[in-house]
*Asks:* 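First the structure, which I've put down as structure tokens, then a few questions once you've had a look.
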Amino acid sequence: MVKFLRARKYDAERAYDLMRGYVGYRLKYPEVVSSITQKEVRHSMEIGQPGVLPSRDAKGRVVMFFRFETWDPLLRPFTEIMQSFVYILEKLLESCETQINGVCIIEDFSGYTFAQVAAVSIAEYKQMIDMLQGSFPCRFKGIHCIRQPWYFAKAFSFIKPYLRAKLFERVHVYGEELEVFFNEFSRDFLPSDFGGTAPPYDGVAAANALFGPNENDSDEDTSL
């Protein structure tokens with residue numbers, strides 16, 4: 001219950017509304033909140049669909065990300081991506097620090113294709129938007145879109161009508177001009193995959209940090 005209060009700055013009425021939204025999301029989208037195993041989610045994290053960066057940013061936020069260039073919608077429908085997002089988010093929210101400081105999402109549109117645009121239905125976009133607003137006891141601090149092609153605008157036009165003003169203000173679109181993006185996330189924090197100077201993203205290590213070591217792995221710190 002405390003995580004719902006924290007997400008709404010201890011406003012009890014708003015926290016109650018959030019709890020209702022949390023239950024409502026599960027009733028509305030049962031296919032998103034079930035039918036996935038931790039083994040499958042580990043694989044998702046290894047390939048960045050989605051991933052979690054290994055350390056918190058300068059503001060103490062956890063940074064999740066999604067890399068479109070590795071996603072084949074014929075092999076993995078968008079609903080399966082959402083299942084992993086929800087599973088990982090639930091695990092992240094076991095941390096008091098994450099409940100307080102929140103989560104950011106980086107969407108890397110390198111390699112974004114028309115086939116990927118067409119693969120996501122309006123109903124599936126709604127799954128994602130509803131997750132981000134009023135359905136989880138999480139402070140979503142920003143959604144940062146980088147390296148998107150010109151036809152990204154078409155996909156965004158499907159999403160925009162469903163965004164509440166507060167979330168819309170937290171969507172940041174950079175294209176290939178990333179200097180402002182690097183002001184938000186310093187280069188020494190970001191992996192080289194995102195133009196930073198930190199080591200490349202290690203999905204196995206990220207999964208171990210979140211879930212604990214796999215049965216074949218040695219012990220690792222679970223800090224997120």
*Asks:* Report yes if the distance between the aromatic ring centroids of F136 and Y25 is under 6.0 Å, otherwise no.
*Replies:*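 Between Y25 and F136, which both carry aromatic rings, the centre distance is below 6.0 Å.
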*Asks:* Do F65 and Y201 have their ring centres less than 6.0 Å from each other?
*Replies:*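 Yes - the distance between ring centres of F65 and Y201 falls below the 6.0 Å cut-off.
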*Asks:* Between L18 and A7, which heavy-atom pair has the shortest distance, and what is it?
*Replies:*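 In this case the closest contact between L18 and A7 is CD2-CB, 3.7 Å.
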*Asks:* Treating Ile, Leu, Val, Met, Phe, Trp and Tyr as nodes and any side-chain heavy-atom pair under 4.5 angstrom as an edge, say whether L132 and I122 lie in one connected cluster.
*Replies:*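 Linked within one cluster.
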*Asks:* Heavy atoms only: give me the nearest L93-Q99 pair and the separation to one decimal.
*Replies:*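 Result for this residue pair: O-NE2, 2.8 Å.
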*Asks:* Same cluster or not: L92 versus L5, using hydrophobic residues (I, L, V, M, F, W, Y) connected whenever any side-chain heavy atoms lie under 4.5 Å apart?
*Replies:*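 No, it is not one cluster - the side chains of L92 and L5 are not joined through contacts under 4.5 Å.
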*Asks:* Run the side-chain contact (heavy atoms from CB on, under 4.5 Å) test against S157 and tell me which residues pass, sequence neighbours left out.
*Replies:*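 S157 satisfies side-chain contact (heavy atoms from CB on, under 4.5 Å) with K154 once adjacent residues are dropped.
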*Asks:* On a heavy-atom basis, which atom in L53 and which in P191 lie closest, and how many Å separate them?
*Replies:*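 Taking every non-hydrogen atom into account, CD2-CG, 3.7 Å.
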*Asks:* Between E13 and R8, is a salt bridge (Lys or Arg N to Asp or Glu O under 4.0 Å) present by the stated rule, with each step listed?
*Replies:* CA-CA 9 Å; E13 185 173 347; R8 291 298 181 261; over 6 Å; no
*Asks:* Between L74 and Y112, is there a shared hydrophobic cluster once you connect ILVMFWY residues whose side-chain heavy atoms come closer than 4.5 Å?
*Replies:*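 In one cluster: no.
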*Asks:* For the CG atom of L190 and the CD1 atom of I106, what is their distance to the nearest 0.5 Å?
*Replies:*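 Output value for this atom pair is 5.5 Å.
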*Asks:* Name each donor-acceptor pair under 3.5 Å that joins a side chain in residues 82-90 to protein atoms two or more places apart or in another chain, with its distance.
*Replies:*
{"residue": "Q83", "atom": "NE2", "partner": "E31", "partner atom": "O", "Å": "2.7"}
{"residue": "Q83", "atom": "NE2", "partner": "S34", "partner atom": "O", "Å": "3.2"}
{"residue": "S84", "atom": "OG", "partner": "S44", "partner atom": "OG", "Å": "2.9"}
{"residue": "S84", "atom": "OG", "partner": "R76", "partner atom": "NH2", "Å": "2.8"}
{"residue": "E90", "atom": "OE1", "partner": "Y22", "partner atom": "OH", "Å": "3.2"}
{"residue": "E90", "atom": "OE2", "partner": "Y22", "partner atom": "OH", "Å": "2.7"}
{"residue": "E90", "atom": "OE2", "partner": "R26", "partner atom": "NH2", "Å": "2.1"}

*Asks:* Hey, would you say the F158 and F156 ring centroids sit under 6.0 Å apart?
*Replies:*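 Centroid separation for F158 and F156: 6.0 Å or greater.
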*Asks:* For a side chain to side chain donor-acceptor pair (under 3.5 Å) check, start with the C-alpha distance between R139 and T98, then their side-chain angles and the critical distance, and finish with the verdict.
*Replies:* CA-CA 9 Å; R139 296 178 179 176; T98 302; over 6 Å; no
*Asks:* Between SG of C138 and CE of M131, what distance do you get to the nearest 0.5 Å?
*Replies:*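 Output value for this atom pair is 8.5 Å.
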*Asks:* Quick one: sort the F68 and F66 rings into parallel, tilted or perpendicular, breaks at 30° and 60°.
*Replies:*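 Rings of F68 and F66: perpendicular, as their planes differ by over 60°.
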*Asks:* Looking only at heavy atoms, what is the nearest atom pair of M64 and P50, with distance?
*Replies:*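 Minimum heavy-atom contact is CE-CG, 4.2 Å.
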*Asks:* CD1/I47 to NE2/H43 distance, rounded to the nearest 0.5 angstrom?
*Replies:*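 Result: 4.0 Å between the selected atoms.
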*Asks:* What distance do K126 atom NZ and Y162 atom OH have between them, rounded to the nearest 0.5 Å?
*Replies:*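 The NZ atom of K126 sits 6.5 Å away from the OH atom of Y162.
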*Asks:* Is Y151 atom OH crowded by more than 12 heavy atoms from other residues, nucleotides or ligands, each under 6.0 Å away?
*Replies:*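 Yes, OH of Y151 has more than 12 neighbouring heavy atoms, counting only those of other groups under 6.0 Å.
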*Asks:* Could you tabulate the donor-acceptor pairs under 3.5 Å formed by side-chain atoms of residues 165-183, not counting sequence neighbours?
*Replies:*
{"residue": "R170", "atom": "NH1", "partner": "F140", "partner atom": "O", "Å": "2.9"}
{"residue": "Y174", "atom": "OH", "partner": "H144", "partner atom": "ND1", "Å": "2.8"}
{"residue": "E179", "atom": "OE2", "partner": "R187", "partner atom": "NH2", "Å": "3.2"}

*Asks:* Can you tell me how far the CD atom of E184 sits from the CG atom of D57, to the nearest 0.5 Å?
*Replies:*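 If we round to the nearest 0.5 Å, E184:CD and D57:CG are 7.5 Å apart.
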*Asks:* Do any N or O atoms from the side chain of E124 and from the backbone of S121 form a donor-acceptor pair under 3.5 angstrom?
*Replies:*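 Pair found, side chain donor or acceptor close to backbone of S121.
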*Asks:* Do R42 and T37 pair up side chain to side chain, a donor and an acceptor below 3.5 Å, judged on atom types alone?
*Replies:*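 Checked: R42/T37 side chains show no N/O donor-acceptor pair below 3.5 Å.
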*Asks:* Please determine which of F152, W71, W150, F194 meets the ring-ring contact (aromatic ring centres under 6.0 Å, His included) test together with F109.
*Replies:*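 It is F152; the other options fail the test.
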*Asks:* What do the steps show when you test R6 against I100 for side-chain contact (heavy atoms from CB on, under 4.5 Å), and what is the final call?
*Replies:* CA-CA 6 Å; R6 283 178 174 146; I100 293 167; 4.0 Å; yes
*Asks:* Between Y125 and F114, is there shared hydrophobic-cluster membership here, with clusters defined by ILVMFWY side-chain heavy atoms closer than 4.5 Å?
*Replies:*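 Shared cluster, yes.
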*Asks:* Taking E80 for the side chain and P77 for the main chain, is one N or O donor matched with an acceptor at less than 3.5 Å?
*Replies:*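 Judged by distance alone, no pair lies under 3.5 Å.
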*Asks:* If you look at every heavy atom in K141 and C104, which pair is closest and at what distance?
*Replies:*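 Minimum heavy-atom contact is CB-SG, 3.7 Å.
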*Asks:* Heavy atoms only: give me the nearest S110-R147 pair and the separation to one decimal.
*Replies:*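 Scanning both residues completely, I find the closest heavy atoms to be OG-CD, 3.1 Å.
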*Asks:* Do the side chain of Q116 and the main chain of P73 share a donor and acceptor less than 3.5 angstrom apart?
*Replies:*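 No, Q116 side chain to P73 backbone: no donor-acceptor pair under 3.5 Å.
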*Asks:* Return the CG to CD distance between D72 and Q49, rounded to the nearest 0.5 Å.
*Replies:*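 The CG atom of D72 sits 9.0 Å away from the CD atom of Q49.
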